[in-house]
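Numbers here simply count residues along the sequence, with the first being 1.
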Amino acid sequence: MPFSQSQRPLYEVKANLFKGLAHPFRIRILELLSAADEVSVTALQQETGLEASHLSQHLSVLRRHHLVVSERRASHVYYRLADPSTAELLAVARALLLGILAADSDRLSDAEGLPALPGAGR
């Protein structure tokens, strides 16, 4: 059953949330912010190894999707999670990923135990 016209905006907001999360460096930035009350741009740059312009682009995406907020103090800019539940989302995602990887590892082990096929390189 298709969703109604009134439900569409909610699904779009959800999709945009995941668009904001859809890059490995943005996930890393959010994990760094999850581990502290706030982190300076300088520290984020050191921890991620990103060039300033690339870091700025990722932070812009995270701000646009309301995942982080920033505060300027003198010549330094500090970032923090816009909502602490983002840290919980990241923890749940990591647990899900670890479960998937464990299942894949089990399947890989099972597959490697299969008898060799004629003409196979292994």
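- Taking NZ from Lys19 and CG from Leu21, the interatomic distance works out to 12.5 Å, rounded to the nearest 0.5 Å.
- Looking only at side-chain heavy atoms (C-beta outward), Ile29 and His58 come within less than 4.5 Å of each other.
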Can you check side-chain contact (heavy atoms from CB on, under 4.5 Å) on Arg80 and Val68, steps first, answer last? CA-CA 6 Å; Arg80 66 180 183 279; Val68 300; over 6 Å; no

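- Formation of a donor-acceptor pair under 3.5 Å by the His65 side chain with backbone atoms of Leu17 is not found in this model.
- Note that CG of Leu97 and CG of Leu90 are 12.0 Å apart. Values are rounded to the nearest 0.5 Å.
- The local environment of CD in Glu71 is crowded, with over 12 non-hydrogen atoms from other residues, nucleotides or ligands closer than 6.0 Å.
- Between the Ser56 side chain and the Ala52 main chain, no donor and acceptor come within less than 3.5 Å of each other.
- Electrostatic pairing of Glu38 and Arg73 counts as a salt bridge here, judged by a charged N lying under 4.0 Å from a carboxylate O.
- Around atom NE2 of His66, no more than 12 heavy atoms belonging to other residues, nucleotides or ligands sit under 6.0 Å away.
- Pairing each heavy atom of Val77 with each of Ser70, the nearest pair is CG1-CB, 4.0 Å.
- Formation of a donor-acceptor pair under 3.5 Å by the Ser34 side chain with backbone atoms of Leu30 is found in this model.
- Side chains of Tyr79 and Arg63: a donor on one and an acceptor on the other come within 3.5 Å.
- Nearest heavy-atom pair, Val69 versus Ala82, reported as atom, atom and distance to 0.1 Å: CG1-CB, 3.9 Å.
- Rounded to the nearest 0.5 Å, atoms OH (Tyr11) and CG (Asn16) are 15.0 Å apart.
- Considering CD of Glu31 and OG1 of Thr48, their distance stands at 12.5 Å, rounded to 0.5 Å.
- No donor-acceptor pair under 3.5 Å is formed between the side chain of Ser85 and the backbone N or O of Glu88.
- If you take CG on Leu33 and CG on Leu67, they are separated by 10.0 Å, rounding to the nearest 0.5 Å.
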Inset, instruction - Evaluate side-chain contact (heavy atoms from CB on, under 4.5 Å) for Phe25 paired with Leu50, printing each intermediate quantity in order. - result: CA-CA 9 Å; Phe25 278 114; Leu50 288 169; 3.7 Å; yes

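- The two residues Leu55 and Gln45 have their closest heavy-atom pair at CD2-N, 3.6 Å.
- In this structure, Thr86 OG1 and Leu62 CG are separated by 9.5 Å, a value rounded to the nearest 0.5 Å.
- Residues Arg107 and Asp104 are paired through a salt bridge, judged by an N-O separation under 4.0 Å between the basic side chain and the carboxylate.
- There is a path of hydrophobic side-chain contacts, each under 4.5 Å, that joins Leu32 to Leu89.
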